[in-house]
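Contents: one structure, followed by commentary.
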Amino acid sequence: MQETEKHNERIAKMTFSSVYPHYITKVQSKGRTIDELHQVIEWLTGFDAKKLQELINEKVTFETFFERATLHPNAQLITGVICGYRIEEIENPLTKKVRYLDKLIDELAKGKQMEKILRQ
């Protein structure tokens, strides 16, 4: 799939709080926990559960969310296809970070071991 500027802009303006409940539903429906979801998000972004809740309450966009994040040094090890896009081919830095998060959550929901999800 080819990414478009319109697609990248839509992702940037989407609020994290609008997507977060879907993350919870996805992982819980597959038998994983909110704590595991938070562990994955914290690994990627540096945000603990308290900071995450502040960002949700503030209704930050993904653009702001990732501007404030400290991306894990091993984030570039996240590869593969998510939502029809090959992560390593995504050119827009913000879209790539959002897809990193999507990929980690997808791996969590699919039952992958935490050590492998966190690229350890």
Point-to-point distance, once rounded to the nearest 0.5 Å, from NZ of Lys96 to CD of Glu91: 9.0 Å
Would you please name every residue forming a salt bridge (charged side-chain N to carboxylate O under 4.0 Å, His left out) with Lys13, sequence neighbours left out? Glu63
Gln28 meets the side chain to side chain contact (heavy atoms under 4.5 Å, CB included) criterion, sequence neighbours left out, with Ile24, Ile34
Tell me every residue that passes ring pair (Phe, Tyr, Trp, His ring centres under 6.0 Å) with Tyr23, counting only those two or more places apart in sequence or in another chain. none
If the condition is salt bridge (charged side-chain N to carboxylate O under 4.0 Å, His left out), which residues does Glu58 pass it with, not counting sequence neighbours? Arg68
What do you reckon, is CD of Gln120 surrounded by more than 12 foreign heavy atoms closer than 6.0 Å? yes
Value rounded to 0.5 Å, distance of NZ in Lys97 from CD in Glu67: 8.5 Å
Does any non-hydrogen side-chain atom of Thr45 lie less than 4.5 Å from one of Thr70? no
Which residues pass the side chain to side chain contact (heavy atoms under 4.5 Å, CB included) test with Leu77, sequence neighbours left out? Asn74, Arg119
Quick one: do Tyr85 and Ile11 end up in the same hydrophobic cluster if we chain Ile, Leu, Val, Met, Phe, Trp and Tyr together by side-chain heavy atoms under 4.5 Å apart? no
Between Val40 and Leu118 the two heavy atoms that sit nearest each other are CA-CD2, 4.2 Å
Is Met14 reachable from Leu104 through a run of I, L, V, M, F, W or Y residues, each pair having side-chain heavy atoms under 4.5 Å apart? yes
Residue set satisfying side-chain hydrogen bond (donor to acceptor under 3.5 Å, both in side chains) with Glu42, at least two apart, ordered chain then number -> none
With rounding to the nearest 0.5 angstrom, report the CD to CD1 distance, Glu115 to Ile117. 9.0 Å
Taken to the nearest 0.5 Å, the spacing of Gln39 CD from Thr33 OG1 works out to 8.5 Å
Check side chain to side chain contact (heavy atoms under 4.5 Å, CB included) between Lys26 and all other residues, then give those that pass, not counting sequence neighbours. Ile105, Asp106, Ala109
Does Asp35 have any side-chain hydrogen bond (donor to acceptor under 3.5 Å, both in side chains) partners at least two apart in sequence or in another chain, and if so, which? none
Parallel, tilted or perpendicular: which fits the ring planes of Phe16 and Phe62, with parallel below 30° and perpendicular above 60°? perpendicular
Between Tyr20 and His38, what is the shortest heavy-atom contact and its length? OH-NE2, 2.5 Å
Hey, any chance Ile90 and Val98 share a hydrophobic cluster, counting ILVMFWY side chains that come within less than 4.5 Å of each other, even indirectly? no
Sequence neighbours excluded, which residues qualify as side chain to side chain contact (heavy atoms under 4.5 Å, CB included) partners of Lys103? Ile78, Ile82, Ile87, Glu107
Can you confirm whether Ile56 sits close enough to Phe65 that some side-chain heavy atom of one is under 4.5 Å from a side-chain heavy atom of the other? no
Set of side-chain hydrogen bond (donor to acceptor under 3.5 Å, both in side chains) partners for Gln53, sequence neighbours left out: Asn57
Assess whether atom NZ of Lys112 is packed by more than 12 heavy atoms of other residues, nucleotides or ligands within 6.0 Å. yes
Step through it carefully: locate the ring centre of His72, locate the ring centre of Tyr100, and say whether they are under 6.0 Å apart. no
For Asn92 and Thr95, work out which heavy atoms get closest and say how close. OD1-N, 2.9 Å
List in chain and number order the residues that pass side-chain hydrogen bond (donor to acceptor under 3.5 Å, both in side chains) with Ser18, two or more places apart in sequence or in another chain; answer none if no residue qualifies. Thr15
Are the side chains of Leu108 and Met114 in contact, using a 4.5 Å heavy-atom criterion? yes
Holding to salt bridge (charged side-chain N to carboxylate O under 4.0 Å, His left out), I want the full list of residues that pass it with Lys59, two or more places apart in sequence or in another chain. none
